[in-house]
A.B. asks: 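Quick one: the structure is below, and I'll ask about it shortly.
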Amino acid sequence: MSPRVQPMQNPDEGVDVCALADIEDPGSKGFVIEQGDWPLHGFLVRKNDEVFAYLNVCPHAGRMLNWGPDRFLTKDRSLIMCAAHGANFEISTGLCVAGPCEGDALTKIETSVENGRVVVFVARGDQKGLP
Ligand code: FES
């Protein structure tokens, strides 16, 4: 299940989303950062022990990308895939390499792994995560 977490008072501190071990390698996990009436929806992708984070908003038509809870990848887990119209994105860059928004990119969220925990850095008030 996608974790729902509270933002830090100081956005520079980042938000602890989950343990690195909670994400398959390769694999993906959605998350929601509560921000009053406007929660921010994002997702993590783990690949070779690196973690990448993006807003869960497709640049094609603004839909959420996932097929179901924590399902953001193609069947072979080599690319991110939007469930709405099938756009494919590189895991490490978020660049759309096939589909209706080829050349556009997902919005990246700064992330790091600290003591086995995945932390994301999102400015409070960022409303772009709306579904
Ligand atoms: S909304 Fe993602 S491919 Fe159309």
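All residue numbers in this chain count up from 1 along the given sequence.
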A.B. asks: Which pair of heavy atoms, one from Ala53 and one from Val120, lies closest together, and at what distance?
C.D. replies: CB-CG1, 4.2 Å

A.B. asks: Could you check if a side-chain atom of Leu106 sits within less than 4.5 angstrom of a side-chain atom of Leu65, using non-hydrogen atoms only?
C.D. replies: yes

A.B. asks: How about Phe43 and Tyr54: are their ring centres within less than 6.0 Å of each other?
C.D. replies: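 So the answer is yes for these two rings.
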
A.B. asks: State, yes or no, whether a side-chain contact exists between Ile33 and Val122 at a heavy-atom distance under 4.5 Å.
C.D. replies: yes

A.B. asks: Report yes if some heavy atom in the side chain of Val45 is under 4.5 Å from a heavy atom in the side chain of Leu73; otherwise report no.
C.D. replies: yes

A.B. asks: Okay, side chain of Ser28, backbone of Phe72: is any donor-acceptor separation there less than 3.5 Å?
C.D. replies: yes

A.B. asks: Is there a continuous path of hydrophobic side-chain contacts, each under 4.5 Å between heavy atoms, that joins Ile23 to Phe89?
C.D. replies: no

A.B. asks: Is the shortest side-chain heavy-atom distance between Phe31 and Pro39 below 4.5 Å?
C.D. replies: no

A.B. asks: Closest heavy-atom contact between Leu95 and Gly103?
C.D. replies: CD1-O, 3.6 Å

A.B. asks: Would you call Lys29 and Cys18 a side-chain contact if the rule is heavy atoms closer than 4.5 Å?
C.D. replies: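 With C-beta onward as the side chain, the pair touches.
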
A.B. asks: Given the rule that I, L, V, M, F, W and Y join up when any side-chain heavy atoms are under 4.5 Å apart, are Val118 and Phe52 in one cluster?
C.D. replies: no

A.B. asks: Crowded around Asp49 CG? As in, over 12 foreign heavy atoms under 6.0 Å?
C.D. replies: yes

A.B. asks: Assess the side chains of Asp25 and Asn48: does a donor N or O sit below 3.5 Å from an acceptor N or O?
C.D. replies: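 Note: Asp25 and Asn48 side chains miss the donor-acceptor criterion.
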
A.B. asks: Any heavy-atom pair between the side chains of Thr107 and Val57 that's under 4.5 Å?
C.D. replies: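 No, every pair of side-chain atoms sits at 4.5 Å or beyond.
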
A.B. asks: Taking the side chain as everything from C-beta on, heavy atoms only, tell me whether Leu20 gets closer than 4.5 Å to Arg46.
C.D. replies: yes

A.B. asks: Can you tell me how far the CZ atom of Arg63 sits from the SG atom of Cys58, to the nearest 0.5 Å?
C.D. replies: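 One finds 9.0 Å between CZ of Arg63 and SG of Cys58.
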
A.B. asks: Inspect the surroundings of CZ in Arg71 and state if more than 12 heavy atoms from other residues, nucleotides or ligands are less than 6.0 Å away.
C.D. replies: no

A.B. asks: Ile91 versus Ile80: any side-chain heavy-atom pair under 4.5 Å?
C.D. replies: yes

A.B. asks: Quick one: do Ser92 and Glu90 satisfy side chain to side chain donor-acceptor pair (under 3.5 Å)? Show the steps, please.
C.D. replies: CA-CA 6 Å; Ser92 60; Glu90 290 181 342; 4.9 Å; no

A.B. asks: State the SG-CE distance between Cys82 and Met64, to the nearest 0.5 angstrom.
C.D. replies: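 Nearest 0.5 Å value for the SG-CE distance: 11.0 Å.
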
A.B. asks: Report the C-alpha separation of Trp67 and Met81 in whole Å, then their side-chain angles, then the decisive distance to 0.1 Å, and conclude whether the side-chain contact (heavy atoms from CB on, under 4.5 Å) test is met.
C.D. replies: CA-CA 9 Å; Trp67 304 69; Met81 185 170 180; 3.5 Å; yes

A.B. asks: Run the numbers on Val119 and Val113 for side-chain contact (heavy atoms from CB on, under 4.5 Å), then give the verdict.
C.D. replies: CA-CA 6 Å; Val119 177; Val113 178; over 6 Å; no

A.B. asks: Do Asn88 side-chain atoms and Gly86 backbone N/O form a donor-acceptor pair below 3.5 Å?
C.D. replies: yes

A.B. asks: So does Glu24 pair up with Arg77, basic N to acidic O under 4.0 Å?
C.D. replies: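 Result for this pair is yes, salt bridge flagged.
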
A.B. asks: Test side-chain contact (heavy atoms from CB on, under 4.5 Å) on Asn56 and Asn66; report intermediate values, then the result.
C.D. replies: CA-CA 8 Å; Asn56 189 0; Asn66 48 306; 2.9 Å; yes

